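Let me begin by presenting the structure, written as structure tokens, before commenting on it.
Below, chains carry the letters A, B, ... as their sequence lines are ordered, and counting in each starts from 1. The model shown is predicted, which means the values in this text are computed figures rather than measured ones.
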Protein chains: 2
Amino acid sequence: MSGMDGQHLGMRLSTAVVAFHEAVGTHLGVTAVDQRAYAIVAGEGRMSAGDLAKRLALTPGAVTGIADRLERAGILTRTPDPADRRRVLLTANPGAYGDLLAGLGAAMSALTATYTPAEQQTIADWVTRTIDILREQTQRLTDNHPR
Amino acid sequence: MSGMDGQHLGMRLSTAVVAFHEAVGTHLGVTAVDQRAYAIVAGEGRMSAGDLAKRLALTPGAVTGIADRLERAGILTRTPDPADRRRVLLTANPGAYGDLLAGLGAAMSALTATYTPAEQQTIADWVTRTIDILREQTQRLTDNHPR
DNA sequence: CGAGATATTTCAGTAGACTGAACTAAATTG
DNA sequence: CAATTTAGTTCAGTCTACTGAAATATCTCG
């Protein structure tokens with residue numbers, strides 16, 4: 001990466017992202033799994049507790065605990081499904097989470113503004129492709145895990 | 001970010017990084033704290049178990065467990081300090097960790113190669129500044145944690 | 001409507017990581 | 001060289017998240 005060690009830079013970015021993620025978790029009083037659950041609900045939209053259990057490969061009982069913690073943290077809401085009142089629908093509350101990330105968002109927007117549109121396009125492209133690679137490599141690791 | 005939602009893209013990148021990180025941990029049979037410990041030793045170089053305990057704000061007993069797991073995973077080595085044989089020096093084994101990340105490294109290098117030197121410079125610059133922002137925001141969260 | 005199936009919660013038990021303190025070994029100090 | 005301090009490991013106890021199963025509520029279907 002043009003004179004810089006891309007490998008090392010990527011590692012440092014990863015460490016920084018993970019550290020931030022952990023700080024958010026500590027701040028909210030939720031676990032890493034809780035955050036993964038939140039990301040799923042936020043990304044895929046409102047879903048039942050049972051569906052989330054399947055996505056996480058956890059038991060329904062575990063999801064009750066996860067929803068409890070996320071609800072207590074104020075970033076998830078439980079609503080009984082009007083169509084099937086046994087079900088509980090879990091909804092991400094982007095407002096509460098957004099407030100927490102507001103500082104980061106502002107700083108990142110300011111950073112983005114320092115680049116030309118063409119540069120912004122290059123960065124967005126790189127980020128998008130990096131996400132694809134990470135997903136692919138995550139899959140590869142998950143497949144051959146020597147468990 | 002040029003037509004794309006930078007906020008959302010950043011969130012997806014974060015999720016992908018964290019997912020990869022978790023997959024590595026699962027693959028190696030180490031915890032998130034173990035990985036943080038490894039990153040510290042790898043980043044700051046060989047250090048004693050006691051120093052690592054201070055950096056992690058954990059008890060010496062906890063560090064024994066961490067070193068056990070990292071050693072079993074093959075990415076950390078314990079060596080008695082020749083100058084003070086009570087001490088145990090912890091050394092990151094970049095080879096073993098590197099093997100694990102080889103696939104990712106290759107894919108990222110290939111990605112990098114698709115950009116012009118100027119674009120590579122832009123990306124490296126963005127990554128560097130993003131790391132700074134993340135560190136700063138992590139600090140902010142760690143400071144006002146409502147524990 | 002009644003029987004069985006399904007969704008979530010609750011709860012007892014389990015597993016893993018951390019603390020605090022005792023223990024061992026090695027250094028320092030008087 | 002004896003007494004004290006320091007480094008790391010060990011170990012019992014604690015805490016927390018998860019599982020598996022029982023309990024509760026609701027839906028579906030004959």
Sequence neighbours excluded - salt bridge (Lys or Arg N to Asp or Glu O under 4.0 Å) pairs with any residue from residues 20-31 of chain B: A/R36-B/E22
In short, salt bridge (Lys or Arg N to Asp or Glu O under 4.0 Å) pairs touching residues 96-107 of chain A with sequence neighbours left out are none
I need a per-nucleotide contact map over nucleotides 21-30 of chain D, read 5' to 3'. Cutoff is protein heavy atoms under 4.0 Å; write B for the base, S for backbone only, - otherwise. ----BBS---
Grab the [atom1]-[atom2] distance between [X] and [N] for me, whole Å please.
| X | N | atom1 | atom2 | result |
| --- | --- | --- | --- | --- |
| B/R87 | D/dT9 | CZ | C1' | 16 Å |
| A/D68 | D/dA17 | CG | P | 11 Å |
| A/L58 | D/dT16 | CG | P | 19 Å |
| B/E71 | D/dT9 | CD | C1' | 13 Å |
| A/L52 | C/dT9 | CG | P | 11 Å |
| A/L89 | C/dT9 | CG | P | 11 Å |
| A/L90 | C/dA7 | CG | P | 14 Å |

So, do A/V88 and A/T79 sit near enough that their side-chain heavy atoms are less than 4.5 Å apart? no
When you get a sec, tell me which of D/dT9, C/dT9, D/dG20 is the closest nucleotide to the side chain of B/R78? D/dT9
Can you figure out which of C/dT10, D/dT19, D/dT9 approaches the side chain of B/T64 most closely? D/dT9
Inspect the contact between B/R87 and B/D84 and indicate whether a charged nitrogen and a carboxylate oxygen are less than 4.0 angstrom apart. yes
Do A/D125 and A/R129 sit within salt-bridge range, that is, some charged N less than 4.0 Å from a carboxylate O? yes
What parts of residues 32-50 of chain B reach DNA chain C, counting only heavy atoms under 4.0 Å away? B/V33
Fit a plane to each ring of B/Y38 and B/Y97, take the angle between them on a 0 to 90° scale, and name the class: parallel (under 30°), tilted (30 to 60°) or perpendicular (over 60°). tilted
Quick one: is D/dT16 close enough that its OP1 or OP2 comes under 4.0 Å of any side-chain N or O from A/R69? no
Sequence neighbours excluded, the answer for salt bridge (Lys or Arg N to Asp or Glu O under 4.0 Å) partners of A/R55 is A/E44
Can you name the residues that form a side-chain hydrogen bond (donor to acceptor under 3.5 Å, both in side chains) with B/R46, not counting sequence neighbours? none
Given side chain to side chain contact (heavy atoms under 4.5 Å, CB included), test B/M108 with B/L111 step by step and report yes or no. CA-CA 5 Å; B/M108 289 303 293; B/L111 173 60; 4.2 Å; yes
